Amino acid sequence: MVLINRTKMIVAGVATMALALTACGGSTSSSSSSAAASTAASAAASTAASAPASTSGAPIKVGFAQTGSESGWRSANTESMKEAFSAANGFDLTFNAADNDPAAQIAAVRSFINQKVDAIVMSPIVADGWDGVLKEAADANIPVVLEARTVSAPDTLFASWVGLDFKKEGVTAGTWAKEQYGDTDTKMVVLEGTTGSAPANDRAAGFDEAIAGSKIQKIDSQTGDFTRDGGKKVMEGFLQKYGADGIDLVFAHNDDMALGAIEAIEAAGAVPGKDINIISIDAVHDGMAALAAGKINYIVECNPLLGELAAGLVKDVLAGNPVEKAIFVEDG
Ligand code: GZL
């Protein structure tokens, strides 16, 4: 397992998380000394014959199966991936967004196999159901790199995964909740991410572990599918069922659902961040604005900028270089 630190920098007034690749590296081709350069060149020459045509200077054909466009996080992640898998970086990218539909995403991966791409990158909507199509990719000798979310299939069926420690994000959120609210009776509702997705599973597990033994009582929990509209609809249901006075705390698995919950809470005449406190994960721009306005009480970062690492992994895998199975990007 490799842990990548990241530096945070403010660019044009927008908080953007940038990766500072540390000793574990992420790029394989560039080198400073002439000796290293000639070694790299001769290594490349020796693999060029056996490796896919792409190492002969032709662009690397990559199929990217994205979940869809369900959240602000996803938009930032897609932008990061498209920037990294650019023609200037030696790629010919085919992009597919599956609109949060697991069957459509599997079909997209199958189409990439039929197109005989050099490599497949994907952010699996849900963790289960991938063994079959990953075996088809392996049989077609097409490596698969996972980014952000992961799968329950054996790790022999994919080359590498780069993403975030979702369980740690849940523990961080739950630890803060316990410190702030754990000593008084606190009725909490949870807006879950997409059912069966790695972030939803792991954030719930981490949060529940962290609040164990406190007076925070989970009175209800339902998926809002990581969307603003989903979070709003589920929160409206909770407010109808328990009343604004019957809910003290909302734990939202991402900012977009928290922002939907804010709309529902305000429509019910209550004050988010005061009458009903909110804890969330992602730290996208709109989430940070709500935090600054006091409508969200605490946000755990989830870094969306995974493109450079994923692109470096694809080049490493195609060059026959050894890669780690799991590369965790650190969150703030
Ligand atoms: C995290 C990612 C999650 C984000 C949500 O890696 O899978 O999916 O937290 C997004 O905002 O929808």
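Nothing here was measured: the structure is a model prediction, and the numbers come from that model. One-based numbering, in listed order, for ligands and for the atoms of each.
Between D208 and K218, at least one side-chain nitrogen of the basic residue sits less than 4.0 Å from a carboxylate oxygen of the acidic one, meeting the salt-bridge criterion.
Backbone and side-chain nitrogen or oxygen atoms of R74 are examined, and one is located within less than 3.5 angstrom of a nitrogen or oxygen of ligand 1. Considering backbone and side-chain atoms alike, W73 places every N or O at 3.5 Å or more from each N or O of ligand 1.
Remark: ligand 1 atoms within the under-4.0 Å shell around heavy atoms of F226 are 5 (C), 12 (O). For ligand 1, the atoms lying closer than 4.0 Å to a non-hydrogen atom of F166 are 1 (C), 6 (O). Within ligand 1, counting atoms from 1 as listed, the ones closer than 4.0 Å to a heavy atom of A148 are 6 (O). Each of the atoms 5 (C), 10 (C), 11 (O), 12 (O) of ligand 1 lies under 4.0 Å from some heavy atom of S71. Residue P199 approaches ligand 1 through these ligand atoms, each under 4.0 Å from one of its heavy atoms: 7 (O).
The closest non-hydrogen atom to atom 10 (C) of ligand 1, taken over E147, E70, H253, M257, comes from E70.
Of the protein's non-hydrogen atoms, D282 OD2, 2.5 Å is the one closest to atom 11 (O) of ligand 1. With respect to atom 7 (O) of ligand 1, the closest heavy atom belonging to the protein is R149 NE, 2.8 Å.
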Tell me, with the steps shown, if D92 and F85 meet side-chain contact (heavy atoms from CB on, under 4.5 Å).
CA-CA 7 Å; D92 171 11; F85 286 93; over 6 Å; no
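Aromatic rings of F251 and W176 (six-membered ring for Trp) have centroids beyond the 6.0 Å cut-off, not under it.
Applying the 6.0 Å contact sphere to CG of D139 captures more than 12 heavy atoms from other residues, nucleotides or ligands. Heavy atoms from other residues, nucleotides or ligands lying under 6.0 Å from CG of N114 number more than 12. Remark: K295 NZ is loosely packed, at most 12 non-hydrogen atoms of other residues, nucleotides or ligands lying under 6.0 Å away. Counting heavy atoms of neighbouring residues, nucleotides and ligands inside a 6.0 Å radius, atom NZ of K116 does not exceed 12 of them.
Close to ligand 1: R203, with a non-hydrogen atom less than 4.0 angstrom away.
A cation-pi geometry, defined here as NZ or CZ lying under 6.0 Å from the six-membered ring centre and within 45° of its normal, holds between K82 and F95.
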